[in-house]
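Before any comments, here is the structure.
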Amino acid sequence: MPLNQNYAPLYEAMRNFRINRVVPFDVPGHKGGRGNQELTDFLGINCMKADVNSMKPLDNLCHPVSVIKEAQALAAEAFGAKNSFFIVNGTTGSVQAMIMSVCKENDKLIMPRNVHRSAINALVVNGAVPVYVNPGVNKELGIPLGMSVADVEKAIKENPDAKAVLINNPTYYGVCSDLKAIVELAHKHNMMALVDEAHGTHFYFGENMPASAMSVGADMAAVSMHKSGGSLTQSSILLLGDSVNADYVRQVINLTQTTSGSYLLMSSLDIARKNLAMNGRQIFSKAVEYAQYARNEINKIGGYYAFGSELKDNDAFFDFDKTKLSVNTINIGLAGIEVYDLLRDEYNIQIEFGDIGNILAYISAGDRSLEIERLISALSEIKRRYSKDRSGMFDHEYINPQVVLSPKKAFFSDKTTTALDKCSDMICGEFVMCYPPGIPILAPGERITREIIDYINYAKDKGCFLTGTQDMSVTSLQTVNI
């Protein structure tokens, strides 16, 4: 019997809790905001009163038996999954639980190298071994794409003992692999299909969207509800297909997820799911309309290239997320991060990220046409005021890695602090990445090459926010003693 998607059980339980005016002799210590007036003034009394502890009427995230269980069942139905779990430590938590549920130490995981660091972090923690599939690369844009089906098949045939294949759907730039074909290929070879859908929540609810993980029979998917789904930052959902033991996955989740689950985050997931189930089609239709209009207008400016579905090649660029406004800036002689900084500092416009050659503006139904016009006008003015010759610019975002050690072995090995410019040919013992998007330039266990060092120095010079290193200034790296 279908569930009522117009109902939000956890939200209703929270409302009833408020009405009953329960006297709190439990944590949190701010006691509904009374104990911290400055914080209450900043966040609002309703927010503070909703920041409560697990209790019988509100269920328990670690072992849900009532309203959280019901809310998760509604989410599973809305997404077309067998089961779902609310995750309150971000889609990082969802991705890591997904991988750790399927792989144990020394198990192989086939995955694209342009994954978010959370996936490689999972390997550092549990000791699984990556088999990287280098993504396709668009040479004009300099960006990594999805995985070619042929490349995935080659990796599977060379590693028949691998436990699973991990797929990005979509990439940060909105590029999708042939998800259905890769899932079928994995299953044909008795491997699980895991999907990182951090940027693909809307695929489940919009019209004419790329395929979603659950729609093509994937085993698990990590969905970042707080990105395009409208829930609070840090809230996520892990989706499970028919083949997965949900009770075991719950145990894996509880290895790393907090025992003090935030009811602000959980109730936001419940309310956001209800909103998407009831209004998702209209919400994402509006987002696509805004993004397409912006693409057309930005391309009229000249110099910029707001790319889209015209680049689909039935292979590594199999499909495109039309809500993404990804813009290449190389031909105006500015790195994406330079345009990012100009938009923020000169025009008070905060976009999602800028990297070596591109920017990404995240478009949603929460945007307004006036703000879209403001972005277009600012980009036009930036071109007029700041454009220059493109000679000498770094023209690619992805460098094929040379993997020498497993991430876990490298990360936990004895290491030496080595000046960045003297690291060539050594093995990296830590992460180096621009954030966002959080795709490692270097991951533990990879060989440091001159090309990578030049890339890091260029990224620093252009103002990219580099993270992951012990040395906060990124003038040295931790190299493995071998």
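Remember, it's a predicted structure, so these values are computed and weren't measured experimentally.
The environment of Phe411 atom CZ is sparse: at most 12 non-hydrogen atoms of other residues, nucleotides or ligands sit within 6.0 angstrom. The number of heavy-atom neighbours closer than 6.0 Å to CZ of Phe465, taken from other residues, nucleotides and ligands shown, is 12 or below. Counting heavy-atom neighbours within 6.0 Å of Lys180 NZ, excluding the residue itself, gives a total of 12 or less. Arg385 CZ: more than 12 foreign heavy atoms inside a 6.0 Å radius. Within 6.0 Å of CZ on Arg344 lie more than 12 heavy atoms contributed by other residues, nucleotides or ligands. Within 6.0 Å of the NZ atom in Lys462, the count of heavy atoms belonging to other residues, nucleotides or ligands exceeds 12. Around atom NZ of Lys108, more than 12 heavy atoms belonging to other residues, nucleotides or ligands sit under 6.0 Å away.
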### Task
Apply the test side-chain contact (heavy atoms from CB on, under 4.5 Å) to residues Leu375 and Leu325: give CA-CA distance (whole Å), side-chain angles for both, the deciding distance (0.1 Å), then the verdict.
CA-CA 11 Å; Leu375 173 62; Leu325 182 57; 3.9 Å; yes
### Query
Hey, mind stepping through Glu338 and Tyr386 against side chain to side chain donor-acceptor pair (under 3.5 Å) and telling me if it holds?
CA-CA 10 Å; Glu338 293 175 305; Tyr386 298 101; over 6 Å; no
### Message
side-chain contact (heavy atoms from CB on, under 4.5 Å), that's the test. Do Arg295 and Gln292 meet it? Break it down for me.
### Response
CA-CA 5 Å; Arg295 260 191 295 277; Gln292 189 57 53; 3.1 Å; yes
### Query
Between Val102 and Met220, is a side-chain contact (heavy atoms from CB on, under 4.5 Å) present by the stated rule, with each step listed?
CA-CA 10 Å; Val102 172; Met220 303 176 76; 4.0 Å; yes
### Query
Checking side chain to side chain donor-acceptor pair (under 3.5 Å) for the pair Asn457/Asp421: CA distance, chi angles, key distance, verdict?
CA-CA 9 Å; Asn457 282 326; Asp421 287 327; 3.1 Å; yes
### Task
Any chance you could lay out the side-chain contact (heavy atoms from CB on, under 4.5 Å) test for Gln5 and Arg273, step after step, and finish with the verdict?
CA-CA 8 Å; Gln5 289 293 333; Arg273 181 272 316 156; 3.0 Å; yes
### Task
Report the C-alpha distance between Tyr347 and Glu381 in whole Å, list the side-chain angles of each, state the deciding distance to 0.1 Å, and finish with yes or no for side chain to side chain donor-acceptor pair (under 3.5 Å).
CA-CA 10 Å; Tyr347 299 93; Glu381 194 167 319; 3.3 Å; yes
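A donor atom on one side chain and an acceptor atom on the other are not found under 3.5 Å apart for Thr469 and Asp471. At a cut-off of 3.5 Å, with distance as the only test, no side-chain donor of Tyr290 or Glu371 sits close to an acceptor on the other residue. Judged by distance alone, the side chains of Thr417 and Gln478 do bring a donor and an acceptor atom under 3.5 Å apart. Using modelled atom types and a 3.5 Å distance limit, the side chains of Ser94 and Ser236 yield a donor-acceptor pair. One side chain, His202 or Ser228, offers a donor N or O that lies under 3.5 Å from an acceptor on the other. Using modelled atom types and a 3.5 Å distance limit, the side chains of Ser380 and Ser377 yield no donor-acceptor pair. If you check the side chains of Ser326 and Asn358, you find no donor sitting under 3.5 Å from an acceptor. With 3.5 Å as the limit, one finds no donor-acceptor pair spanning the side chains of Asn400 and Arg113. Side-chain contact annotation: Glu352 with Tyr172, donor-acceptor N/O pair under 3.5 Å present. In summary, the side chains of Thr416 and Thr418 do not present any donor paired with an acceptor at a separation below 3.5 Å, with no hydrogens or angles considered. Side-chain N/O atoms of Asn121 and His116 include no donor and acceptor closer than 3.5 Å.
Shortest non-hydrogen contact noted between Glu310 and Tyr305 is OE2-OH, 2.5 Å. Here the closest non-hydrogen pair linking Ile332 and Gly302 is CG2-O, 4.5 Å. Residues Ala410 and Val480 approach most closely at O-CG2, 3.9 Å, considering heavy atoms. Nearest heavy atom pair, residue Ala378 against residue Leu343, reads CB-CD2, 3.7 Å. Here the shortest heavy-atom pairing between Gly354 and Tyr340 reads N-CD1, 3.5 Å. When all heavy atoms are compared, the tightest approach of Ser424 to Ile453 is N-CD1, 3.6 Å.
A donor-acceptor pair is defined here as one N or O able to donate and one able to accept, closer than 3.5 Å; such a pair exists between the side chain of Glu197 and the backbone of Ala213. Checked by atom type and distance alone, the side chain of Glu446 pairs as donor or acceptor with a backbone atom of Ala443 at under 3.5 Å. Looking only at distances, a side-chain donor or acceptor of Thr171 sits under 3.5 Å from a matching main-chain atom of Tyr173. Counting only distance, with no hydrogens or angles, the side chain of Asp219 and the backbone of Ala193 share a donor-acceptor pair below 3.5 Å. With hydrogens and angles ignored, the 3.5 Å screen pairs a side-chain donor or acceptor of Lys383 with a backbone N or O of Ile301. Checked by atom type and distance alone, the side chain of Lys322 pairs as donor or acceptor with a backbone atom of Asn208 at under 3.5 Å. In this structure a side-chain-to-backbone donor-acceptor pair under 3.5 Å is present from Ser235 to Leu232. Ser101 contributes a side-chain N or O that, together with a main-chain N or O of Ala97, makes up a donor-acceptor pair within less than 3.5 Å. For Arg447 (side chain) and Asp425 (main-chain N/O), a donor-acceptor pair under 3.5 Å exists by modelled atom type. Without hydrogens or angle criteria, Ser285 side chain to Gln282 main chain gives no donor-acceptor distance under 3.5 Å.
Note: Phe307 and Phe317 have perpendicular aromatic rings, judged against thresholds of 30 and 60 degrees for the angle between ring planes.
Side chains of Phe85 and Leu240 form a contact here, defined as non-hydrogen atoms less than 4.5 Å apart. Between Leu141 and Leu311 there is a side-chain heavy-atom pair separated by less than 4.5 Å. Between Ile253 and Ile87, the closest side-chain pair of non-hydrogen atoms falls below 4.5 Å. Within the 4.5 Å cutoff, the side chain of Ser177 has no heavy atoms near those of the Asn169 side chain. Using a 4.5 Å heavy-atom threshold, the side chains of Leu238 and Met98 count as touching. Here the side chains of Leu334 and Ile382 are in contact, with some heavy-atom distance below 4.5 Å. Considering only heavy atoms from C-beta on, Ile110 comes within 4.5 Å of Ile156 through its side chain. Looking at Asn126 and Lys104, their side chains never come closer than 4.5 Å, going by heavy atoms from C-beta outward.
A salt bridge does not link Glu430 with Lys415: none of the charged nitrogens is closer than 4.0 Å to a carboxylate oxygen. A salt bridge is absent between Lys188 and Glu184; no separation between the charged side-chain nitrogens and carboxylate oxygens falls under 4.0 Å. The residues Lys274 and Asp270 are annotated as not salt-bridged, no charged nitrogen and carboxylate oxygen being separated by less than 4.0 angstrom. Under a 4.0 Å N-O distance rule, the pair Glu297/Lys300 qualifies as a salt bridge.
Here the rule is salt bridge (Lys or Arg N to Asp or Glu O under 4.0 Å) with Lys312, and of Asp319, Asp178, Asp321 only Asp319 fits it. In summary, of the residues considered (His199, Lys227, Gln350), a side chain to side chain donor-acceptor pair (under 3.5 Å) with Tyr362 occurs for His199 alone.
Taking the six-membered ring for Trp and the full ring otherwise, Phe79 and Tyr204 have centroids separated by under 6.0 Å.
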